[in-house]
Amino acid sequence: MAGHGAEEHPHGADRLCEAGDRVYSRAVRRGRVPRRDADPVPCLLELALLHPDPDDMDWLVPTSPQEVMTRLLRGMYDEVSASQRRVGSAVAAFEWYAGLGRQPQPAPWASEGSAIRVLDGLARIQAAMDEATQACTTEVLTVQPGGIRREAELSEGLHRALTLRGRGVRMRDLYTHVARHGQGLLNYLELMGDAVEARTLDEVIDRLILFDRTVAFIPANTDRTMALELRHPALIEYLVTVFERLWRLAIPLTAPLPDTGIEGISHREQSIAALLAEGHQDAVIAERLGISVRTCRAHIARLSETLGAASRTQLGVRIAQVGLDGPPRPPVSPTLSVPGRESRTAR
């Protein structure tokens, strides 16, 4: 049994084999397991899910599930970052090799530049966006993810926005609901007046800026020091379609968020409940909604208290029972009963 190799356990900590799941679960429940129990599952030691008890080497103690999850998320983040870097490198290499040979006759849609151009560095990104701003005459569509917009972020593109407003260009911006609480954004919109229309959603896609439905800018890495300038008509049409569908689902910034129909549960907590029901961890939920992990956990605590749940497992059951496990929907009756609590009148 001890001779089983790692090749018989070709998996990571995110999907344990059946035997490994049994032994690790037993270790978490009991606090430790005899070393002999782990002989058939060397994967648990190789993945650092179990390690020797310093007080008694004949026993193994488990790594906490929270630490394992943190390690997995960090690994996934690194993989995504590496993939994005490879995409940027591949596009850059293609442009380089394409420039070495005879240049073919450009297609009509490519007459003003490459269909995809990699912009490496903030200075190059800003220059390209300034150029697109000067050429823009009709419309700008933007998606701004994250939470409350910082003053520095708003000031960064203010000169372009004012230039566009001066030419009568229409601007439409999509933000997350959290951005409603930022005074800087409200000041910016007041300054821009009727030139800008803003709406919000629970969560949005990554940053997107579209000028005149002919050129778009999207991030090419996680820290946004690289961007892609897109001019291919098919890509632009796809991005415009995505924006328009999100726009129809979004709520105007001047309108209040809809009531959840359950007293004591806010619209944001309803969104958190739906993401919890999908199995997302606190850090992922916080990132998608544009809030801090601490704020996210405070909302989860209030959800638990309101729904009368004593544990995360029980909270999941309560969320499903009251219908918070899907996208927000209007209440179907004037009252809604929360399991374990008195019936409440929907406001």
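Any value given below was found using the heavy atoms of this structure, including those in side chains, with hydrogens, waters and symmetry copies removed.
In this structure, Glu237 places its CD atom where only 12 or fewer heavy-atom neighbours from other residues, nucleotides or ligands lie under 6.0 Å away. By the 6.0 Å contact criterion, CZ on Arg36 is open, its count of non-hydrogen atoms from other residues, nucleotides or ligands being 12 or less.
Atom CG of Leu60 sits about 13.0 Å away from atom OH of Tyr24, to the nearest 0.5 Å. To the nearest 0.5 Å, atoms CG (Leu201) and CG (Leu174) are separated by 6.0 Å. Taking CD1 of Ile300 as the reference point, atom OG1 of Thr295 lies at 11.0 Å (rounded to 0.5 Å). The line from CG of Asp282 to CZ of Arg297 is 4.5 Å long, rounded to the nearest 0.5 Å. Atom CD1 of Ile285 is separated from atom CG of Leu276 by 4.0 Å, given to the nearest 0.5 angstrom. Atom CG of residue Leu122 and atom CD of residue Gln126 lie 7.0 Å apart, to the nearest 0.5 angstrom.
Nearest heavy atom pair, residue Ala216 against residue Leu239, reads CB-CD1, 3.9 Å. Contact detail for Leu228 and Ala220: the closest heavy-atom pair is CG-CB, 4.0 Å. Closest approach of Ala19 to Val41, counting heavy atoms only: CB-CG1, 3.4 Å. Ile125 and Met226 make their closest contact through CD1-C, 3.9 Å (heavy atoms, listed as atom of the first residue, atom of the second, distance). Residues Arg231 and Ile236 approach most closely at C-CG1, 4.2 Å, considering heavy atoms. Considering every non-hydrogen atom in both Ala161 and Met192, the closest pair reads O-CE, 3.2 Å.
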Which donor-acceptor pairs under 3.5 Å do side chains of residues 245-252 form with protein atoms, sequence neighbours excluded?
none

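Take Arg294 and apply the side chain to side chain donor-acceptor pair (under 3.5 Å) test, not counting sequence neighbours, and it matches no residue. For His51, there are no side chain to side chain donor-acceptor pair (under 3.5 Å) partners, not counting sequence neighbours. Under the side-chain contact (heavy atoms from CB on, under 4.5 Å) criterion, Val140 pairs with Cys136, Thr142, Leu164, Val169, Met171, Ile209, Phe211, not counting sequence neighbours. For Asp53, the side chain to side chain donor-acceptor pair (under 3.5 Å) criterion is met by Arg32, not counting sequence neighbours. A search for side chain to side chain donor-acceptor pair (under 3.5 Å) contacts involving Glu139 returns Arg172, Arg213, not counting sequence neighbours.
Distance alone, capped at 3.5 Å, places no donor-acceptor pair between the Arg35 side chain and the Pro52 backbone. Of the possible polar contacts, one joining the Arg124 side chain to the Val118 backbone as a donor-acceptor pair under 3.5 Å is found. No donor-acceptor pair closer than 3.5 Å links the side chain of Asp21 to the backbone N or O of Ser25.
Grouping the Ile, Leu, Val, Met, Phe, Trp and Tyr side chains by contacts below 4.5 angstrom, directly or via other members, places Ile205 with Leu210. Note: the hydrophobic cluster containing Val317 does not contain Leu315 (ILVMFWY, side chain heavy atoms under 4.5 Å, direct or indirect links). Under the 4.5 Å side-chain contact rule for hydrophobic residues, Trp59 and Leu45 do not share a cluster. Hydrophobic clustering (side-chain heavy atoms under 4.5 Å, transitive across Ile, Leu, Val, Met, Phe, Trp, Tyr) keeps Leu50 apart from Val61.
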Start with the C-alpha gap between Leu208 and Leu141, add the side-chain angles, then the distance that decides, and say whether side chain to side chain contact (heavy atoms under 4.5 Å, CB included) holds. CA-CA 8 Å; Leu208 167 67; Leu141 310 177; over 6 Å; no
Evaluate the side chain to side chain contact (heavy atoms under 4.5 Å, CB included) criterion for residues Arg170 and Thr138: first the C-alpha distance (whole Å), next the side-chain angles of each, then the deciding distance (0.1 Å), finally the verdict. CA-CA 6 Å; Arg170 181 190 180 197; Thr138 307; over 6 Å; no
Val143/Val242 under side chain to side chain contact (heavy atoms under 4.5 Å, CB included): CA gap, chis, key distance, verdict: CA-CA 10 Å; Val143 179; Val242 169; over 6 Å; no
Just do the side chain to side chain contact (heavy atoms under 4.5 Å, CB included) check on Asp206 and Arg224 with the steps written out, would you? CA-CA 11 Å; Asp206 207 346; Arg224 297 181 181 172; 3.2 Å; yes
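For the pair Gln144 and Thr176, the minimum side-chain heavy-atom distance is 4.5 Å or more. Using a 4.5 Å cut-off on side-chain heavy atoms (C-beta onward), Tyr175 and Leu253 make no contact.
For the residue pair Asp212 and Thr214, no side-chain donor N or O sits within less than 3.5 Å of a side-chain acceptor on the partner.
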